[in-house]
Structures are given as structure tokens and as C-alpha cells.
Visitor: 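Quick one: the structure is below, and I'll ask about it shortly.
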There are 2 protein chains.
Amino acid sequence: MATIKDIAKLAGVSVTTVSRALNGYSDVNADTRKRIEQIAKEIEYSPNALARSLVMKHTKTIGLLVSGLSRDGAKDNIVFDVLTGINEYCGSMGYDLVLFNTTTSKQKEKTYAQLCRERRVDGVIVQGIKKDDPYLIEIFDSNIPCVLIDVPVENEHTGYVSTDNVDGSMKAIRHLAELGHINIAMINGHDQAYVSKERRKGFELGMVEEGLDIHSEWIVNGEFTELKAEEVAYHLLVDSPEITAIFCASDLMALGVMRAAFELGKRVPDDLSIVGYDDITLASYVTPALTTIAQDTFRMGYEAADLLLKILHQTDEKRVQLIDNELKVRKTTKRCK
Amino acid sequence: MATIKDIAKLAGVSVTTVSRALNGYSDVNADTRKRIEQIAKEIEYSPNALARSLVMKHTKTIGLLVSGLSRDGAKDNIVFDVLTGINEYCGSMGYDLVLFNTTTSKQKEKTYAQLCRERRVDGVIVQGIKKDDPYLIEIFDSNIPCVLIDVPVENEHTGYVSTDNVDGSMKAIRHLAELGHINIAMINGHDQAYVSKERRKGFELGMVEEGLDIHSEWIVNGEFTELKAEEVAYHLLVDSPEITAIFCASDLMALGVMRAAFELGKRVPDDLSIVGYDDITLASYVTPALTTIAQDTFRMGYEAADLLLKILHQTDEKRVQLIDNELKVRKTTKRCK
DNA sequence: TTGTACGCGTTATCAA
DNA sequence: TTGATAACGCGTACAA
């Protein structure tokens, strides 16, 4: 593989001159520059990013730490959407992405800092991390620039992007209340997710705001999975048939609830109204189409990358970026009988 | 950031010894090794992969060239699934993934070889590339180990993984013929995709095998998009109401055809049977659930990574890996009236 | 405008 | 069992 040394030899100049010519420095003769560029093209020279990074102290790469990069993560397209957003912005800024492997046990031995430092990534974007993940402390303590998705951590070198999950949930409850629903239940995710806490808070705030009673036994965890949500919703609806509406902390769980309702012979939305969260692709394709709180996940990724690069270049003091969410009324909610 | 030099100083030995100790060489005193490891931990040393790669001539990274990494690529979860499969295998083998940016115009100036050589990736996996993409020639001509998804290119250093698209399509036609369908149309993708050619061939072979007439005007391109497929299917069904079944080269397009049927007041599957291709997540969630030819896209990614590493280490002569596909009969196909 | 010399952090060769 | 020393490919003071 060709190096600047080869070019130097061929052009009869020193490597310094070649380096300067190729990097667009002004203090190099126009003729020599042209000659050098010509030769570079001829021998198909590509700069060695490794060698360059070694001396330049930056790699122009962003590390990606993604938990949901597993087989069933495909159903909700959230991870993918965020990834796409990150990719879009990073690409436009000349940064490449490296996917870290946190899934396999082999790599799990490595600490967060080790992972990042080995590859010498300039910064990291973290997605799908749980509250009790040991990485979280490391992220905070290390001095590696980092942006998290949906996990509020703030620091000199770390920030986050999220949506207003409290407000989003309140929108859902308001919508349900407007339709005359009083007995509203909630299927939440799990206690290891920050969004779950927020969405529950929004649920409760919304209920209070609307003057509705909160039955704490009507708030159950569905583990963010369709199956578990189906199961808990089934029992919930059997035990408390007076429930007329369920707010779910994710669309996937809402799908599970729809199944449970079907099994019990309850029609959606006639007998049971359902509101989801996320607006995944499936939401608008299932029948009936799911009413949900939409998050612009692509934009979350895009803004995360933007925020990270700003932290990197210290061009901004901002450490938090909130994205709008929006109630999308479709076919799973209806006026209470 | 700590280096082996720091450790050497602290331990009172040479860098050579440190290097050997940390890399598990046998010719180093047990005591010194222990001391070195101890110090390494204390000062939080991580090896610099850049420096190592510079001398080792390999980076333990695989480059990913993905075309469908765009916002609407989320609907069909194919790209994501393949990515997950690649990630799974590479992770288990200690390889990291770097996502190349081919989408943005800025990076589009770079040639394939430049992209790969700059980052010094050990190999590349290419997905979603079209027949007329200039990269294709480069992939063949360069000597960079590469595995393509669904593009038959074979070489000393390049191979591919795919499914038997001819056979898959024949399965679809056989199924339709068994149900008594005679007037079968096909919505294909576009001419820049290899799979389109294959699936068309399978369609035709299947029709011949079943003794059915092929109407060439009943084979139209839907560009692999839902919208375009809906449009062409609409016209097709208006012009030729005798059509009772449509085979689509992708599930997304099948969804478009379902819409077209709905607009025309045709019931699926009573008035029109539809078979898709891919078995994306949406396929089993829409109503009626889509009959389709399922591809194990996760496995395609997994096997692609496996094949690539084998080419890399020259442990196998194999350059092609075919994955099974399978007809999944659901609710969009029915006996012809 | 150009060249010399050094350093980035590592591994590898050879000699001690 | 250990240590100098030379690479790897590049950028950059400093000198010319």
C-alpha cells in the first residue's frame, strides 16, 4: 500500500512537502503540488487514518453503544431510526461510526472506558442503557465526551437528548379524559428505564389534572415486551372489568394489550381504548391503527450527534436537547360509553 | 492517557517486557508480569489499538457499506436484521464494525478503495448495492476481502450470501397454482437489483412448470416501494380485472397492492390473493396477515460475517453461502373462485 | 518554498 | 528472562 514516502521518492521531494501538499497547505509551490497530487493519484495513495490519528490525537470516529441491537429489536424500529439519524449527521460532518459490541460475554469484560480508549473514539453515543448498568457510572466519571439517548446525565463532557416524557404521557391522559374515560389503567415498562419513571409521573399528573382517581393496582409493568404486556393486561382486565382505557408506555406493549382484549372478547376501541407510545412503524399498520404519542426518533439520533460534536468542539454550553412529541389520534381510542 | 512507557517506568523495566507481559508471552518472569499487570490496572492503562494496528497490519474491524441506512429503510427491517446478524458474529469474534458513510454527497467523492484503505478495515460487507453502482467494479478489482449481500460476485477475495430467489419465487407460484389461480401477475422491484432478475425468473419458471400462461404485460416494476406498487397494481387491476392473484417481489410492495385492492373494492383474499417476499415484521401484523416467502435476514448477516472472516483467514475455499427460504402461508391467499 | 529530525504508542528482531 | 533499537505512516517544530 502506497505511503507518502513512496510519493516523496517518486516526486523527488521530502515527505514533509508531500504531507503539506496533500493537506492543502499554502506554503508549497504550485508546480510541486500538482506533481505530487498527480503521483498520488497514479499510485492510488490513500492516507493511513491510523497513523494520522496517532499523531493528531483524534480519530474522527464516534463510538456507538447500543443495547437493543439484538434480533428482536427489529420490531420496534426505534434503535434503527436513531442509528439512522446519527449516521446522517455524522456522515455530513465527516465522522465515521464504530459499533461497539456490548452484547457478547467476551467483550462484556471490558469496561466502558477501555472500550472507548482502545479505539480512541472522539466521543460516544449511548442508547438503551438501563439505570442499573455499571457503565452509567463510568460514563459519568470518565472524561470521554458522551451523549445518551433518554437518560438524563449532565456533566462537563456528557449530555443527553430526550423527549418530554411527562408531558407526552399527560397528552395521552388528556385525550382519554376528553373522550370521557374515567377508569384508566397504565401498562408501564420496567423500573430500570428512566422513561418509565417519567411516563408514570406524567400519567399520574394527568390523572390529577383531570380530577381522575389513580388506582395504584392499575399501574403494572409490561417489561416493554408485547408478550408480557399481553399477559398483565389480560389479568388486569379480568380482575377489573370496569377499566375502559389503557395507556401503554410503548407501542409494542399496546399491541400486546390489543391481543389481550381480543382474547377477552373486548372490542377495540368500542369496549376498550388504547394509547401507545413511540409511534413505531407497526402502529399505523395494525388494525385498528394505534393512537399513540409519537417521538421523532430519527431526529433524536440526529440531534444526539449534533450535541456530541458540539461538546467535542466545545462550541456550545448546551448539554441537553429535548425533542417534541405529538399525540397521533388514530383508531384505538373512542368516546367512552 | 497511560502508555506502556508509563508502565515501564513505574515497573522499572523496558517497554518490551511490558508489551510481552501484557500480551501473555511465556518468556517473562511471573513476578514481573504480576507487577506489570498490577500497575497497568492502577493507572488504568488501555492499549492503543491505533498504534498496534499500525505495526500489526490489521485492525480487527470490518467495514459496513449499507445503502438502505436511510430514514425509510426502517419500514422493512431487513437492513437492521442483517446488521444485527453481522454484529452478533463479529462481536463473538472480537471484531468491531465501522459504518461507512456513502449517503452524503461529501463522502460520495471517495472511491470504495479509498474508503476502506483509509480506515484500514480488514474486510467489508456490502449491502443494498445496485447493479449499476460504480463501487461494484471496484469491489471486484480491488484486493480487499469483501462479502456482498444478495449480489453474486465471486473472486479470490470476494464472495456473497443470498437465498435461492428463483426457488423462492417458484414456491410462491406453486402455492398460488395449487389454490387454482391461473391469471397471476407479478409486481417486481426494479432492474438494478439482482434479486429482481432472479425472482422474475422464478416466477416464469413456476408458471411454465404449472402450465400457466405468462402475460408479459402483467409483470410490472414497483420500485420496491409501497406507493409505487400501489399505483401500478391499481392500473393493472383496472386494466385486467381477470387477475386473481399477484406475486410481489417484496412485502412492502405487497402492502401497496393490498391498498390498491382496497381502493378498488376488491377483498383480499376473496377477490385477490397476494403473496409477498421477505417476511418483514409488518407482514404478520397487518390484516389480513400476509402470505410470503420468508428470508432469515438475521442469518444472512451472520453468515456473511462468518464467510468474510473465513476469506480473511483463508481457512476455507468457499465463497458462496445460500440461506434457505420458506413459504409462510397466512391470510392473503385463498382458493380461486 | 523546502528538508531534517523527532514523536505518536505499539510490536518485533536481535543480542545480551 | 530481559533490553536496545528499529520499524509502522504520518504531522510538525525548526532550520535552511
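Order of the sequence lines fixes the chain letters, A, B, ..., with proteins taken first and strands second; residue numbering starts at 1 for each chain. These numbers come from a predicted model, not from an experiment.
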Visitor: Contact boundaries of DNA chain C with chain A (under 4.0 Å, heavy atoms), 5' to 3'?
Guide: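 Range of nucleotides within reach of chain A: C:dT1 to C:dG9.
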Visitor: Can you tell me the distance, in whole Å, between the CE atom of A:Met56 and the P atom of D:dA13?
Guide: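 Distance check: A:Met56 CE to D:dA13 P gives 11 Å.
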Visitor: Tell me, do B:Asn87 and B:Leu97 make a side-chain contact under 4.5 Å, heavy atoms counted?
Guide: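 Yes; the side chains approach each other to less than 4.5 Å.
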Visitor: Starting from the C-alpha separation in whole Å, work towards a yes-or-no answer on salt bridge (charged side-chain N to carboxylate O under 4.0 Å, His left out) for A:Arg35 and A:Asp31.
Guide: CA-CA 6 Å; A:Arg35 195 151 39 92; A:Asp31 282 346; over 6 Å; no
Visitor: Can B:Glu118 and B:Lys110 be said to form a salt bridge (charged side-chain N to carboxylate O under 4.0 Å, His left out), step by step?
Guide: CA-CA 10 Å; B:Glu118 277 189 16; B:Lys110 286 184 189 167; 3.3 Å; yes
Visitor: Nearest whole Å is fine: how far is D:dG11 C1' from A:His58 NE2?
Guide: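 Value for this atom pair: 11 Å.
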Visitor: Would you kindly compare B:Tyr45 and B:Arg20 by the position of their nearest DNA chain C nucleotide and give the one closer to the 5′ end?
Guide: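 Final value for this comparison: B:Tyr45.
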Visitor: Specify the separation, in whole Å, of atom CG of B:Leu50 and atom P of D:dC8.
Guide: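 It is 17 Å, rounded to the nearest whole Å.
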Visitor: Roughly how many Å is it from CD in B:Glu118 to C1' in D:dG9, rounded to a whole number?
Guide: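 My rounded result for the distance is 14 Å.
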Visitor: Provide, to the nearest angstrom, the distance between the CG atom belonging to A:Leu54 and the P atom belonging to D:dT12.
Guide: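 Rounding to the nearest Å, CG of A:Leu54 and P of D:dT12 are 13 Å apart.
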Visitor: Would you kindly give the CZ-to-C1' distance between B:Arg117 and D:dC10, to the nearest whole Å?
Guide: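 Result: 17 Å.
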Visitor: Using only side-chain N and O atoms of B:Ser14, determine if any of them is under 4.0 Å from OP1 or OP2 of D:dG3.
Guide: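 Yes.
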Visitor: Quick one: label A:Ser19 by what it contacts on the DNA or RNA (base, sugar-phosphate, nothing), any heavy atom closer than 4.0 Å.
Guide: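 Result for A:Ser19 = base.
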Visitor: Answer with base, sugar-phosphate or nothing: what part of the nucleic acid does B:Asp27 contact at a heavy-atom distance below 4.0 Å?
Guide: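 The answer is base, as B:Asp27 lies within the cut-off (heavy atoms under 4.0 Å) of a base atom.
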Visitor: For A:Thr16, which contact category applies under a 4.0 Å heavy-atom criterion: base, sugar-phosphate, or nothing?
Guide: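 Base contact.
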Visitor: List the steps, then state whether salt bridge (charged side-chain N to carboxylate O under 4.0 Å, His left out) holds for B:Asp96 with A:Arg119.
Guide: CA-CA 9 Å; B:Asp96 278 332; A:Arg119 292 288 184 186; 2.8 Å; yes
Visitor: Can you work out whether A:Lys5 or B:Arg33 has the more 5'-proximal nearest nucleotide on DNA chain D?
Guide: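 Nearest-nucleotide comparison on DNA chain D picks B:Arg33.
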Visitor: Taking NZ from A:Lys9 and P from D:dC10, how many angstroms apart are they, rounded to a whole number?
Guide: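 Going from NZ in A:Lys9 over to P in D:dC10 covers 13 Å.
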Visitor: Please report, rounded to the nearest Å, how far the C1' atom of D:dT1 is from the CG atom of B:Asn23.
Guide: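 Distance, rounded to whole Å: 17 Å.
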Visitor: Hey, is the side chain of A:Asn48 poking within less than 4.0 Å of OP1 or OP2 on D:dC8, counting only N and O atoms?
Guide: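 False: A:Asn48 side-chain N/O out of range (4.0 Å or more) of D:dC8 OP1/OP2.
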Visitor: What's A:Val55 touching, base or sugar-phosphate or nothing? Going by heavy atoms closer than 4.0 Å.
Guide: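 Base contact.
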Visitor: So do the side chains of B:Lys60 and B:Met93 get within less than 4.5 Å of each other, counting heavy atoms only?
Guide: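 Side chain of B:Lys60 against side chain of B:Met93, heavy atoms only: no contact under 4.5 Å found.
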Visitor: What is the minimum heavy-atom distance between B:Val79 and B:Gln127, and which atoms define it?
Guide: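 Taking every non-hydrogen atom into account, CA-NE2, 3.4 Å.
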Visitor: Tell me what A:Ser53 touches on the nucleic acid: a base, only sugar-phosphate, or nothing, going by heavy atoms under 4.0 Å.
Guide: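 It contacts nothing in the nucleic acid.
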Visitor: Tell me whether B:Lys34 at atom NZ has more than 12 heavy atoms from other residues, nucleotides or ligands lying less than 6.0 Å away.
Guide: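 No, not enclosed.
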